[in-house]
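What's counted below: heavy atoms across the whole structure, side chains too, no hydrogens, waters or symmetry copies.
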Amino acid sequence: MSTPLVLTYVGFLIMAAVAICGGLIAVSARNLIRAALGLILSFVGVAGLYFVLEAEFIAVVQILVYVGAISILVLFAVMLTRGLMRRDLSAQNSQWIAALVVALVLFSALLLVATGTNWKVAETKIAGDLIPKLGEQLMTTYLLPFEAVSLLLLAALVGAIVIARE
Amino acid sequence: MDILNNLFVSLYVWVADLLHGLLGGLGLAKDAEAALVSAIMVLLVITVILLWMVLMVLILIWLERKNAARLQDRVGPNRVGPWGLLQPVADTIKMFIKEDIVPANADKFVHTLAPMVAMMPAVLAFAVIPWGKGMQPVDINIGVLWIVAVASIGTIGVFIGGYGSNNKYSLLGGMRAVAQMVSYEIPQVLTMVPIVLMVGSMSLVKINEAQSGWFGLQWFIFAVPVGPIAFVVYYLSALAEVGRTPFDLPEGESEIVAGYMTEYSGMKWGLFYLAEYFNFFIVCTIAATLFLGGWNGPILPPYVWFILKVYGLILLGMWIRMTWPRFRVDQLMNLAWKVLVPIALVNIVLAGLGLPIFKTIGF
């Protein structure tokens with residue numbers, strides 16, 4: 001392997017480790033805030049993976065949306081729960097066997113898809129600034145999915161307001 | 001003149017050449033030597049920028065106190081050094097030797113983690129700031145988005161600081177901080193959109209280059225009416241985002257002791273304090289880059305122009321801080337959601353409609 005490729009590989013390993021460690025903390029921590037912090041670490045790891053894959057735009061958006069916004073919402077929601085300072089909360093409830101089965105099935109399904117798919121890799125790197133191209137594609141070829149997502153978010157927004165008013 | 005304009009760039013090249021000369025004697029392979037030199041240069045740049053920023057903060061603290069004193073008809077610090085110039089240095093030493101107190105029932109790990117997380121966005125944002133022509137540590141094509149994204153991490157630091165102290169005032173301060181930062185982030189980001197529309201790029205260097213016309217005076221703030229509106233909305237929401245008076249509700253010493261910093265002492269408190277000034281400095285550099293032409297200006301070297309603009313904005317912020325009383329919580333939220341966000345949205349529409357006109361006059 002050439003030097004840059006080795007570096008990419010090392011970067012991938014580090015970031016994957018960060019993401020997995022974060023995930024493990026999130027499911028095993030006995031304190032809700034620490035679990036949420038683990039989740040944030042996991043998001044950061046995923047953003048790092050995008051950086052390693054040279055998808056800077058998606059990486060930064062991952063930080064902006066997941067680390068900056070969604071995790072804040074999670075923390076806020078946790079803040080409104082009881083037993084905030086307790087450090088002996090159990091991570092399991094009575095349905096842990098069912099959860100384990102579902103998680104294993106989902107994981108193996110994802111693994112099958114990930115290893116079974118023939119991922120297409122572009123031969124040449126796209127030259128120049130990618131963001132204008134991305135914007136153009138969203139406004140032309142992928143306009144319908146783009147608008148559908150907007151509609152979905154709008155529906156979620158209206159729903160949240162309706163629930164909050166009651 | 002040319003030497004002065006490129007002073008720091010030439011210095012960088014000179015140091016890199018020097019390193020090449022020194023390492024040449026080791027008999028390394030060509031690409032290994034290049035990699036080693038670039039790694040050392042990266043570390044050097046990081047060190048220089050961090051030291052420079054700490055120096056800036058020391059100056060800012062002195063300036064803030066002197067300014068406050070001037071505006072309130074006092075003398076201000078005048079005992080340590082000439083005109084009290086060494087006062088921040090004395091304060092720093094005091095902070096280092098203070099006892100670090102952690103409340104007995106606090107979540108100690110999170111309590112320690114919070115100041116570090118609060119420092120993170122400031123330090124990460126330095127990576128993309130263009131200090132002068134060719135003087136940006138990294139030029140990424142999503143510079144603007146990078147700044148916004150890393151700034152959002154700071155909220156987590158403040159929030160877990162409020163939680164980790166296990167103190168009601170801390171928690172209240174943390175809650176206030178999150179509500180405020182999340183609200184004001186929106187108009188702040190929306191005001192960046194017109195600039196990105198006009199430049200057609202999110203790179204801070206490209207934004208600088210786009211403002212180089214008219215003998216270096218083609219700043220986006222002169223793109224009437226979009227530029228001035230965007231600048232005012234950005235500056236107000238940036239002041240709120242970094243939590244300076246009149247938007248200092250997260251601290252609100254007359255209501256909730258010191259907010260999320262209540263239980264912090266010694267250098268942990270110092271880190272929060274440092275992060276606050278770092279963030280203030282950064283929002284001023286971003287405002288200078290986006291709206292005031294960044295390094296562009298006639299006659300003077302680029303980096304001098306940049307620092308002058310940044311300090312102008314900082315002095316403006318200090319002036320506002322000293323002359324306005326603190327907002328109430330409901331007033332704060334009204335300002336963000338009912339005033340700044342609608343103005344910013346209308347401004348984006350104006351920018352979109354006026355884009356052909358702006359293009360013909362050179363923007």
Specify the closest pair of heavy atoms between B:Met202 and B:Val196, including all atoms of both residues, with the distance to one decimal. CG-CG1, 3.8 Å
Side-chain heavy-atom pair A:Tyr66, A:Ser71 within 4.5 angstrom cut-off: no
Which class fits the ring pair B:Trp146 and A:Phe51: parallel under 30°, tilted 30 to 60°, perpendicular over 60°? perpendicular
Which bit of A:Ile131 is near chain B, if near means a heavy-atom gap under 4.5 Å: side chain, backbone, both or neither? side chain
Please state whether the side chain, the backbone, both or neither of B:Ile140 comes within less than 4.5 Å of a heavy atom of chain A. neither
Out of A:Val65, A:Val61, A:Leu37, A:Ile40, which one racks up the most heavy-atom pairs below 4.5 Å with chain B? A:Leu37
So what's closer than 4.5 Å to chain A heavy atoms on B:Val182: side chain, backbone, both or neither? side chain
Can you name the closest pair of heavy atoms from B:Gln188 and B:Val283 and give their distance? NE2-CG1, 4.2 Å
What distance separates A:Leu75 CG from A:Leu32 CG, expressed to the nearest 0.5 Å? 10.5 Å
Report the option among B:Ile153, B:Val178, B:Ile156, B:Val117 that has the most heavy-atom pairs separated by less than 4.5 Å from atoms of chain A. B:Ile156
Does any heavy atom of chain A fall under 4.5 Å from the side chain of B:Met175, the backbone, both, or neither of them? both
